[in-house]
Amino acid sequence: MKNFIFIATLIFSFWLSGWAEAQEKIRVGQGSISLQSGLMHIGKDRGLFAKYGLTTETIYIPGGSINVQVLVSGNLDLSQLSGAPGVAANLEGADIVYFAGLLDKLNYQLITRPEIKSVEQLKGKKFGVSRYGSSADFGMRAMLKRVGVDPIKDVTILQIGDEPARIAAIKSGNIDGTVANAPFGIEAERLKLNVIADSVKMDIPFFNTGLLGSKRFLDKQEARVMNFLRAYLEAIKVLKTEREYSIKALGQFTRVQNLKAVQEGYDYFVKQLEPVPYPSVIAMQAVVDQIAETNPKARGIDAKNYVNDRYLKRLEEEGFVKKIWGK
């Protein structure tokens with residue numbers, strides 16, 4: 001019996017070793033702790049990446065521009081970001097391409113101190129973004145323009161940091177407002193802040209959140225990218241069809257203890273998320289055009305250069321999407 005146990009243990013150890021070697025590691029960066037970022041958490045929690053032979057390491061790097069720098073250096077394999085950081089990097093010679101797009105509309109809300117209750121009070125105020133050139137910076141400027149405020153002449157925009165840091169800066173009086181990932185209504189009410197404008201209601205095209213990688217990595221590691229997308233599409237299916245589980249998982253990931261706020265965010269996000277998140281050329285062109293206003297290198301750039309839908313198309317053509325959705 002002792003010999004049998006020893007041999008069985010040895011065989012099991014060799015099996016585990018072989019299984020670990022068979023699992024390919026993939027490092028994925030995230031620029032924010034948001035509901036859409038929670039898809040990676042759902043994929044890992046449900047064992048979907050392991051199902052397709054992947055071990056994922058999710059690395060949080062605040063700010064899109066720094067995230068892209070790490071991606072270009074090769075210390076990340078893929079990342080999940082808005083379109084602006086990738087476009088900016090490409091204009092400086094990078095080879096970034098977006099192969100999925102989760103949101104193609106700007107989804108920020110303009111948040112201000114309690115004393116500021118209308119658009120007319122915005123001029124002359126100080127606003128915070130994460131970094132210049134980030135999605136928060138883009139969103140701030142786009143929303144201010146829509147409400148008739150010149151982001152260059154009428155206000156001061158400062159680099160503060162991630163969303164919690166910007167909210168803290170409002171509470172301390174260092175800035176008058178910022179943009180927060182929508183929906184922020186319940187949280188704004190709790191913090192006694194005002195929601196002055198909602199970009200989704202403004203219907204502003206914007207490549208808000210997508211998956212990206214270097215062309216070099218995507219070409220050389222195509223099989224790994226395809227398996228990553230298989231797991232990711234299954235995570236989307238879980239999110240869209242298992243509300244109770246998804247809300248709990250997203251609450252754990254974002255560490256938001258206010259269940260109503262998580263429910264509000266889930267209901268807001270899930271309606272915008274497509275089962276197959278093709279990257280939108282129109283949304284990416286909006287990013288390019290915005291950057292072109294201050295960077296001459298972006299003028300005349302065709303956004304088609306920065307997106308690639310071939311991987312998702314292949315998954316549809318091979319019947320994978322029909323298989324997981326049962327239709």
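We're numbering straight along the sequence, starting at 1. Here the structure is a predicted model, which is why all the values come from computation and not from measurement.
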Determine, for [X] against [Y], whether the closest basic-nitrogen to carboxylate-oxygen distance falls under 4.0 angstrom.
| X | Y | answer |
| --- | --- | --- |
| Asp77 | Lys25 | no |
| Glu242 | Arg46 | yes |
| Lys323 | Glu318 | no |
| Arg141 | Asp137 | yes |
| Asp176 | Lys123 | no |

Around atom [atom1] of [X], are there more than 12 heavy atoms of other residues, nucleotides or ligands at under 6.0 Å?
| X | atom1 | result |
| --- | --- | --- |
| Lys260 | NZ | no |
| Arg310 | CZ | yes |
| Leu259 | CG | yes |
| Glu293 | CD | yes |
| Lys145 | NZ | yes |

I'd like to check [X] versus [Y] (side-chain heavy atoms, cut-off strictly below 4.5 Å). Are they in contact?
| X | Y | result |
| --- | --- | --- |
| Leu110 | Asp198 | no |
| Met40 | Phe253 | no |
| Val276 | Trp325 | no |
| Arg314 | Glu222 | yes |
| Val28 | Glu57 | no |
| Asn227 | Phe49 | no |

With no hydrogens and no angle check, do the side chains of [X] and [Y] hold a donor and an acceptor under 3.5 Å apart?
| X | Y | answer |
| --- | --- | --- |
| Glu234 | Tyr52 | yes |
| Tyr232 | Gln80 | yes |
| Gln285 | Asp289 | yes |
| Tyr245 | Asp45 | yes |

Closest non-hydrogen atom pair between [X] and [Y], with its separation:
| X | Y | result |
| --- | --- | --- |
| Lys240 | Leu273 | NZ-O, 2.7 Å |
| Ile170 | Ile111 | CD1-O, 4.0 Å |
| Pro277 | Leu312 | O-CD1, 3.3 Å |

### Task
Under 4.5 Å between side-chain heavy atoms, chaining through other members, with only Ile, Leu, Val, Met, Phe, Trp and Tyr counted: pull out the rest of the cluster around Val200, sorted by chain and number.
Tyr268
### Message
For Leu71 and Phe217: C-alpha separation, side-chain torsions, deciding distance, then whether side chain to side chain contact (heavy atoms under 4.5 Å, CB included) applies.
### Response
CA-CA 10 Å; Leu71 180 68; Phe217 178 83; over 6 Å; no
### Message
When you measure from the centre of the six-membered ring of Tyr311, is the NZ or CZ of Arg230 closer than 6.0 Å and no more than 45° off the axis?
### Response
no
### Partners passing ring pair (Phe, Tyr, Trp, His ring centres under 6.0 Å) against Tyr306 (at least two apart in sequence or in another chain)
none
